[in-house]
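Inspection log for the structure reproduced underneath, given as C-alpha cells.
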Amino acid sequence: MKNYDYTAIEQKWQAYWDKHETFKATDCDGDSGKGGYFILVEFPYPSGQGLHIGHPRPYTAMDILARYRRLDGYNVLYPMGWDAFGLPTENFAIKNKIHPAIVTADNIKNFTRQAKAIGFSFDWSREINTTDPAYYKWTQWIFLQLFKKGLAYKKEMAVNWCTSCKVVLANEEVVDNACERCHSEVVRKVKNQWMLKITEYAQRLIDDLADVDYPARVKSSQINWIGRSTGAEVIFETKCSGETEANHTMRVYTTRPDTLFGATYMVISPEHPYIEKWTDKLANMGEVRAYQEKSAKKSDFERTELAKDKTGVKLDGVFAINPVNGAQIPIFISDYVLMSYGTGAIMAVPAHDTRDHAFAKAFNLPIIEVVRRSSVLPSDLAKNTVSALGREQSELNQGNVQSEAFTDCDSGVMVNSDFLDGLSVEDAKVKIIEWLAQKGLGEPKVNFKLRDWVFSRQRYWGEPIPLVDCPKCGWVSIPESELPLKLPEVESYMPTDNGESPLAALDDFVNTTCPECGGAAKRETDTMPQWAGSSWYYLRYCDPDNTDALISPDKLAYWTKGGTKPIVDWYNGGMEHTTLHLLYSRFWHKFLYDIGVVEMSEPYAKRTAHGMILGDDGQKMSKSRGNVINPDDILRDYGADALRLYEMFVGDFEKAAPWAVTGIKGCKRFLDRVWNLQENVIDGDKYRPELRSAFHKTIKKVGHDIETLKFNTAIAALMALLNEVTATGAVNKAELRTFLILLNPFAPHITEELYEVCELGGVVNAQTWCAYDEALCKDNEVEIVVQINGKVRAKAIIESGCDKAKMLQIAKDALGSTELAGKTVVKEIVVPDKLVNIVAR
RNA sequence: GCCGCUGUGGUGGAAUUGGCAGACACAAGGGACUUAAAAUCCCUCGCUCUUUGGAGUGUACCGGUUCAAGUCCGGUCAGCGGCACCA
C-alpha cells in the first residue's frame, strides 16, 4: 500500500477533471437526466490577500450539494466568477502605480489557483468577471433601461460621505455611522447623485418574500429594513396670528390617527419648505434660522444617537388647527422630525408617544390622555383571572400619562375623544380614518423606511454611467449600440477631496456630443457602485458569451423550466448581504421582470446563509488580531479533502464557528483510516448481513443531511459507519463502493483515488448515488427501554416491528418479579420499537 | 424600545413526531507497541454517592401540561442578530 500522498492525489484528480471537463453543465437535458439545477454561491471579490479561510465553507457546502445532485442525475450548473470592481483594488493600484485591470487579473489568477486546489466542481467554462467590458456592457444596459423607465434620477441631496474612501455610500453601506468597508467616519455632504427608485418596489419586495424559501432571519431583516408602516395622513389647517382665514394646509403622517384628539402641538422638520413661506410672518425668525443651521451641521449620528434630549424652536406667529376639535395648537421645528420620512411633519400626542412626551415635558406643553388601559383583558381572563386582576391593580397605579406615555395599542380604550370614546384602539383607527376621508381631511397611508438607492460613486474602478448631460436636452442616454462605454485610461486614479470622480479630469472622456441634438455635451463622470455588477450576475452564468442579449430566451427557458420557477434553485451567501446585494438583486430582477427580460419576478427559489469561520480565539479573523489562517498552509499540511471535511464538520453550517487546528487533525485522521480500507478488500457484491442496515441507514441519512445542510451529522454518520466496518477487520467491494460514493461529495479526491486503486470500475463521478431500502434501514432486533413511572428499570431486545402485546410481555419479563410487587398497574404505554412505560402505584 | 433567534459535558457539537440526553469528534487521563519520542491501536471520560451490582441527579433559572419534557406552554435571566427620534 502506498502512503496517502494527498498532494499528489489531489493534483492528479484536479488535472483529470480539468481535462475531461467533468463538471461542465449543458444548457439542455441529457438522455437520462432529471433536468437542470442551478446552484449559486456568492462570487467573491478577488482581493490581493487571496482566498480567505472562510471562503471555502460556503463553497464546499454548495460543492457537496452540486456533486450530490450530479450523482443523483441532475444537470448541475455550479458556476464561479469575480465581483472585481471595487475600492481595495483601486487603492492598491494607486499605491503601486499599476493599472487596476492588471491588479484584478493577477488576483483572479491567484483565486482561481486556490479554488482549483480545493477541488471545487465549478464549471469554469462559464467564468464571468464584472470588470470585463463584455460583461459590464449589460450592467450598463440595465441601467439605461432603468433610466428610460424613470427609475434612475439625479438629485441634489445630503448623502453619506466616507471620509477615508472619499466616496458616497448608500444607506445600506453605512453601519453605526461608519463605512461598512473601512469603518471610517461617515459625514453628511450635499451632492448631486444618481438614485435608483428601489422604493417603488418596496411593497413587492416584502410581499414576494412569501413565495421564496429564505431563512426566517433573512426575511425578517429585509422586512425590518424596508420598514413598512401603516397609518394615515391628516390635513391640518394653519393660520397666522391675528388672521382669521387659514393660509395653508399642513399634512402630517401618523400611525396613530386614533389619538388625534390628544394632538396638542405639531412638529415639523427644520428643513420643512413651509418655513420659507412663513418667513415674514414669524416673530422669531432669527431663532428659527439659527436652529436650522445648527441641525444642518449635525451629522446623522448626532441627530439620531446622541440627541435624545429634545430641542426645538416654536414658530412664533403661526399655529395649526386640530381638525377634530378646532383646537389651536402651536407648531415647533425640531430635528427629531426627519424631512425624509412621511411628510416631514407630525402631530404630537405626548400622552401616547414617548418622543412627543419628552418634548412636551421639555417645553411644558399640555398632555391629554385619550387612550386608557382597559380594566381586564379578555385574553387574560380566559387564562387566569387572579393574575389578570393582580396585573390590573399594579398597573393602574402607574397609568399616569403625565409622567409617562402610554403606548400600548392592544389594551387601550378611547377616552376624551368624543365620538371615539369607548372604542378599542383598533376600532378607533378605522372610525377616525373613515371620518377624515368623508370630510376630505385625510386618508389611509402606508410609509416605508426604505430610501432610494444612492447609485453614484466618485471613483475610477467601476462601471461608467452611460449618460450625457446636454445643456439643451438634459440627461440623455448614449445609444445602446455604443455600449459598452469603456472605462478610459487615466494617469491618476486618485480620488479627489472635492468629491469628483477621477474621470472628471479627462477632457477627452468628458467632452462629447449630445446623442439627441448633436450639440456639445458632457458625460457623467461618476461610476456605478460595487453592487451594480452583482445585481444580475446569476443570469449571465446561463449564457456568458452572448453578445446580442443579456441572456437568450432559450437558455432562460431551460434554466427556469419554461418560466415556472426562479432561475437559481439554491443560493447560498452571507448574512452581511441581506440588506445589500440580496435586496438590490431582487429589486433589479423585478425590474427585469417588468420589462420582460425574465419570466419570474424572483431570482432565487431558496436562499441559505452560512456562518463565519472565526479565529481560534473566537474573534473575527483579521490581520490586526493576528488570527488569520491561510488556506495555502492548510492545503500543504493536511490536504484539500481534510480542509473540506473539517469546514463541514466544525459545527452547524448556519452558525459561526471558531477555527481549531486540532479539529482538522481529527478529520485528517479519519481520511487516513479511510485510506487504510484498501489493506483488506474482500470480494462481495452485497453488503454483509451484519452491516446491511448500517449501510442503508447511512445512505438515507447522508442524502437527507446534505439536503438540509446538516453536513456535520452526515460526516458523523460516515465516521460511525467506518468505525463499524473497520471493526470487522475488512471491507467488501460492495461496501467500499457505497462508502466511497457517499463520501465523494465531501472528499472528492481520496474517494476517486481509492475507487481507482481498488479497481471498482470507472470513476466515482460517473456513478449514480446509492439507493437505500426503507425496510432495510431497520435492524431485525432492537433494544427497547422498560420504564416504571417514567424511569428506566430494564432493557430488552425485541424483534423489530413486533406487536404491542408481545412487546409488553417481553418488557414485563425483563423487569423480573420484584419491580412491580405490591403495586397496582394504572396504565401501560407501549411505543413500538422504542419503549414500554408502566405506570404503577 | 420593537422584531427575530439562541442557551446541552473540559471543548465543537448530536438527539424525526415529546420516548434511554451527551451521537460523532476534539482535549484530557491510563495502557500497548518503541531504547525513546512521534504516529498508530486499546480502555476511561456530565456531576454526586457507591458494597463496583448499581443508586441518585443533570440540557440557563422558576413554574405548568404529560405516563414521559432538551423538545410543548407561561414567566425570569443571559447572549446574538436586525431595526430604531421612521411619528
Side-chain angles (χ1 to χ4, degrees), chain A residues 175 215-229 231 252-257 259 267 269 303-310 334-338 340-349 352-356 358-359 383-384 387 407 447-451 575-576 578-579 618 645-646 649-652 654-667 669-670 672-673 676 701 704 708 710 712-723 726 783-795 826-840:
Chain A
V175 177
R217 56 186 173 147
V218 171
K219 286 191 183 184
S220 86
S221 288
Q222 289 206 343
I223 290 168
N224 279 340
W225 181 257
I226 296 167
R228 183 182 197 268
S229 86
V252 304
Y253 174 70
T254 176
T255 55
R256 294 293 303 277
T259 61
V267 188
S269 164
R303 239 177 114 149
T304 60
E305 297 296 321
L306 289 177
K308 298 287 183 191
D309 290 335
K310 298 286 177 288
S334 174
D335 58 11
Y336 84 90
V337 173
L338 311 172
S340 51
Y341 185 76
T343 60
I346 62 160
M347 63 180 220
V349 185
H352 305 291
D353 180 283
T354 47
R355 296 151 299 178
D356 296 346
F359 191 89
K383 270 180 272 167
N384 186 334
S387 79
T407 56
N447 266 318
F448 298 94
K449 288 186 215 167
L450 185 70
R451 296 294 136 79
M575 278 309 286
E576 71 276 16
T578 300
T579 56
L645 216 47
Y646 173 64
F649 189 62
V650 68
D652 186 334
E654 305 197 68
K655 287 187 195 141
W659 180 266
V661 190
T662 51
I664 195 164
K665 282 184 184 160
C667 291
R669 269 205 279 269
F670 168 67
D672 288 337
R673 302 209 298 130
N676 293 339
K701 179 157 182 64
H704 178 262
T708 52
K710 294 189 168 260
N712 53 342
T713 51
I715 293 167
L718 288 166
M719 287 172 168
L721 183 63
L722 180 69
N723 290 345
T726 48
E783 191 185 49
I784 61 161
V785 173
V786 186
Q787 299 179 328
I788 294 174
N789 297 332
K791 299 215 170 188
V792 180
R793 279 294 170 271
K795 294 189 181 180
V826 180
K827 204 171 178 183
E828 291 164 335
I829 289 118
V830 180
V831 181
D833 289 353
K834 285 262 162 77
L835 63 71
V836 170
N837 187 15
I838 297 167
V839 187

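Bear in mind that the values here come from a model prediction, so they are computed numbers and not experimental data.
The distance between atom CG of L338(A) and atom P of C85(B), rounded to the nearest whole Å, is 7 Å. Between K791(A) atom NZ and G58(B) atom C1' the separation is 12 Å, expressed in whole Å. Remark: C1' of G56(B) and CZ of R793(A) are 10 Å apart, rounded to the nearest angstrom. The distance from atom CD1 of I226(A) to atom C1' of G4(B) is 16 Å, rounded to the nearest whole Å. As a whole-Å value, the separation of I788(A) CD1 from A55(B) C1' is 15 Å. In this entry the distance linking CZ of F359(A) with C1' of C85(B) reads 12 Å, nearest Å. Rounded to whole Å, the distance from CD1 on I838(A) to C1' on C67(B) is 11 Å. Between the CZ atom of R256(A) and the P atom of A87(B) there is a distance of 12 Å, rounded to whole Å.
Across every strand in view, U65(B) sits unpaired, with no contact that passes the Watson-Crick or G-U test at under 3.5 angstrom. Base pairing of A21(B) is not made with any nucleotide, judged by Watson-Crick or G-U wobble geometry with both donor-acceptor distances under 3.5 Å. Searching all strands for a Watson-Crick or G-U wobble partner of G46(B) with both distances below 3.5 Å returns U57(B). Summarising the base pairing, U16(B) is matched to no nucleotide, lacking a Watson-Crick or G-U wobble pair whose two defining distances lie under 3.5 Å. Across the strands present, U6(B) finds its partner in A78(B); the criterion is a Watson-Crick or G-U wobble pair with both atom distances under 3.5 angstrom. Summarising the base pairing, U35(B) is matched to no nucleotide, lacking a Watson-Crick or G-U wobble pair whose two defining distances lie under 3.5 Å.
Nearest-nucleotide assignment on RNA chain B puts the 5′-proximal partner with D672(A), out of D672(A) and V175(A). The residue among Q222(A) and D353(A) whose nearest nucleotide of RNA chain B lies closer to the 5′ end is Q222(A).
Classification of the F359(A)-Y336(A) ring pair by plane angle, with boundaries at 30° and 60°, yields tilted.
At least one side-chain heavy atom of R673(A) sits less than 4.5 Å from a side-chain heavy atom of N723(A). The closest side-chain heavy-atom distance from T578(A) to Q222(A) is below 4.5 Å. Residues W659(A) and I664(A) meet the side-chain proximity criterion, which asks for heavy atoms closer than 4.5 Å. Here the side chains of K834(A) and V785(A) are not in contact, with every heavy-atom distance at 4.5 Å or above. Looking at T726(A) and N676(A), their side chains never come closer than 4.5 Å, going by heavy atoms from C-beta outward.
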Polar atom pairs (N or O), protein with nucleotides 42-53 of chain B, under 3.5 Å:
none

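Side-chain N/O atoms of K449(A) and base N/O atoms of C83(B) include no donor-acceptor pair closer than 3.5 Å.
Within the nucleic acid shown, T354(A) has no heavy atom closer than 4.0 Å to any nucleic acid atom.
Checked by atom type and distance alone, the side chain of N447(A) never pairs as donor or acceptor with a backbone atom of S229(A) at under 3.5 Å.
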Spell out protein contact along nucleotides 7-32 of chain B as letters: B when the base is contacted, S when just the sugar-phosphate is, - when no protein heavy atom is under 4.0 Å; keep the 5' to 3' order.
-----BSSS-B-BB--BBSSS-----
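Smallest separation of non-hydrogen atoms from H352(A) and R256(A): O-NH1, 4.3 Å. Shortest non-hydrogen contact noted between G342(A) and Y253(A) is CA-CB, 4.2 Å. In this structure, V252(A) and I346(A) approach most closely via the heavy-atom pair CG1-C, 3.7 Å.
Against the 90° criterion about 0, the sugar-base torsion of G53(B) places it in the syn range. Base orientation for G79(B): anti, the chi torsion being more than 90° from 0.
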